[in-house]
Undergrad: 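Before anything else, here's the structure in question.
Because the structure is a prediction, the values reported are computed rather than measured.
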Amino acid sequence: MAEPMTPGDAKPAPGTALRGRGGSAHLRSEAVVLDRAGIRLIIPLDAIETVHVARGKRPTAEIRLNSAATGAEATTVCAIGSRSTEAVDAFAHAVNAAVPQRDESERPVDGAALVRAVECPVMPRTPCRPFLSTDEWWAFGALTCLFVVGLLLPAGGGSLAELWAGSFAGLVFGCAVARGTWRATVTWWLLHRYGVTTVATRVGYWPGEDGNSPGVLVYSFTATVGTTHTVRRTGSRGGPDTIGISYDPARPDFAVGPGQPWVRTLMLLIRLLVGVPVALVMAAYLLWYFTTAMHA
C-alpha cells in the first residue's frame, strides 16, 4: 500500500540522503542526485511530482515525476528501500518540502525530459601499499642483526644460543607491543594537548571484495590551515554521513575518531597495563642474555 507524502508539509533539508536497496539518493539545493548501478541521475526538483512511501516488508521511497499529459499517472523513476523507516520518512518529507509548488494554470511539465544521466564518479583507489614501509624495513634489518649477534656472541654456541633462537619470536612480539604502546601514548598526548576536534563529511565508499565483506568509507575534513584531508574507516555502505574526529594540527593527515576522549584514555590505560610490563620483561631479558653470553 502506498502512502503519499504531501509536498510542502515539512521544512526543506538540503543534504538529506537515503541509501538502501535500489541505490542512493541525495537531496541538493535544486535537485535530487540518484546513484544507481554506476549511473548518476540528476533529477531537478521541478521534475518531481512527489515522493511516496510504500509500506511493506521494507519501507520504500518512490520518487515520482511530473507528467505532461493531463490526468496521466506519475512515472516512478526509482524506488529505494531501507530497513530504517525513520530514514525513509525523513527523506520523503525533505524532498516533498523542497519541491516547488505549481499553480493549476501553469503548463504541465514533462519530468522525464528534465532528468539528466551522467557517469557516476568513481573514487580512485589508492595504489597498492608496499610490502614493507621504510620504517618497517629498518626495523626488520635491526631485528635481523640483533638475532645474528645473539647467535654468534656465545662462545661455542650451545644451549645459550638455542635459548636465544627459541625465544626470539617472543622478543619480536614484545617489540611490537612496546612500539604500539609508545605510539598510543604519543598519540594520546598530542591529541590531548594540541588536538583539534572537527566534523568529517563522507565523500565516497569503496565496496568490499564481495557482498558480505565491509568496504571502506572515505571522509573528508578541512584543517585549520585550509587544507583538505581524508580519513578512511572500515564500514558498510549505510555508514554515517558525518563523523567527529580529532587531529593534531602539525600532522593533519593522522586523525582519530569518532571515539570520546574518555574512551581513548581508557584504551591507553589498558595498553600501558599490558605494554609497560612486557617492555620491562623484554629489556631485562636482553640485559641478562647479553651479559651472560659475553661471559660464557
Undergrad: For the hydrophobic clusters of this structure (ILVMFWY residues joined by side-chain heavy atoms under 4.5 Å, transitively), does one cluster hold both Ile243 and Val199?
TA: no

Undergrad: Which atom names give the shortest non-hydrogen contact between Thr181 and Thr185, and what distance separates them?
TA: O-OG1, 2.7 Å

Undergrad: Arg232 and Val218: which non-hydrogen atoms are nearest, and at how many Å?
TA: CG-CG2, 4.4 Å

Undergrad: So, Tyr219 side chain and Thr242 main chain: donor-acceptor pair closer than 3.5 Å or not?
TA: no

Undergrad: How close do Ala92 and Val53 get, counting heavy atoms only, and between which atoms?
TA: CB-CG2, 3.6 Å

Undergrad: How long is the straight-line distance from CG of Asn96 back to NE2 of His52, given to the nearest 0.5 Å?
TA: 8.0 Å

Undergrad: Hey, what do you get for SG (Cys145) to CZ (Phe140), rounding to the nearest 0.5 Å?
TA: 10.0 Å

Undergrad: Nearest 0.5 angstrom please: Leu151 CG to Glu162 CD, how far?
TA: 10.5 Å

Undergrad: Can you tell me how far apart CE (Met282) and CG (Leu171) are? Round to the nearest 0.5 Å.
TA: 6.0 Å

Undergrad: Within the side chain of Arg202, is there an N or O that forms a donor-acceptor pair under 3.5 Å with the backbone of Gly239?
TA: yes

Undergrad: With sequence neighbours left out, write down each residue that passes side chain to side chain contact (heavy atoms under 4.5 Å, CB included) with Ile80, or none if nothing qualifies.
TA: Leu18, Ala25, Leu34, Cys78

Undergrad: Applying side-chain hydrogen bond (donor to acceptor under 3.5 Å, both in side chains), can you list everything that pairs with Thr144, at least two apart in sequence or on another chain?
TA: none

Undergrad: Indicate the atoms forming the closest heavy-atom contact of Leu27 with Phe91, along with that distance.
TA: N-CE1, 4.4 Å

Undergrad: Could you walk me through whether Val32 and Val95 satisfy the side chain to side chain contact (heavy atoms under 4.5 Å, CB included) test, starting with their C-alpha distance in whole Å, then the side-chain angles of each, then the deciding distance to 0.1 Å, before giving a yes or no?
TA: CA-CA 8 Å; Val32 172; Val95 176; 4.2 Å; yes

Undergrad: Apply side chain to side chain contact (heavy atoms under 4.5 Å, CB included) to the pair Trp164 and Leu146, showing each step before the final yes or no.
TA: CA-CA 10 Å; Trp164 175 257; Leu146 182 64; 4.0 Å; yes

Undergrad: Treat each ILVMFWY residue as a node, draw an edge where side-chain heavy atoms are under 4.5 Å apart, and state whether Leu286 and Val281 are in one component.
TA: no

Undergrad: Between atom CG of Leu153 and atom OH of Tyr289, what is the distance when rounded to the nearest 0.5 Å?
TA: 6.5 Å

Undergrad: Output the distance between atom CD1 (Ile245) and atom OG1 (Thr198), rounded to the nearest 0.5 Å.
TA: 6.0 Å

Undergrad: If you compare all heavy atoms of Ala54 against all heavy atoms of Glu62, which two are closest, and at what distance to 0.1 Å?
TA: CB-OE2, 3.7 Å

Undergrad: Got a sec, which pairs hit side chain to side chain donor-acceptor pair (under 3.5 Å) with one end in residues 165-178, sequence neighbours left out?
TA: Ser167-Tyr285

Undergrad: Test of understanding: clusters of I, L, V, M, F, W, Y form through side-chain heavy atoms closer than 4.5 Å, transitively. Do Phe168 and Trp288 belong to the same one?
TA: yes

Undergrad: Evaluate side chain to side chain contact (heavy atoms under 4.5 Å, CB included) for Thr60 paired with Val88, printing each intermediate quantity in order.
TA: CA-CA 7 Å; Thr60 303; Val88 174; over 6 Å; no

Undergrad: Looking only at heavy atoms, what is the nearest atom pair of Leu217 and Gly235, with distance?
TA: CD1-CA, 4.1 Å

Undergrad: Checking Thr228 against Ser220 for the side chain to side chain contact (heavy atoms under 4.5 Å, CB included) test, could you report, in this order, the C-alpha distance in whole Å, the side-chain angles of both residues, the deciding distance, and whether it holds?
TA: CA-CA 7 Å; Thr228 301; Ser220 174; 3.1 Å; yes

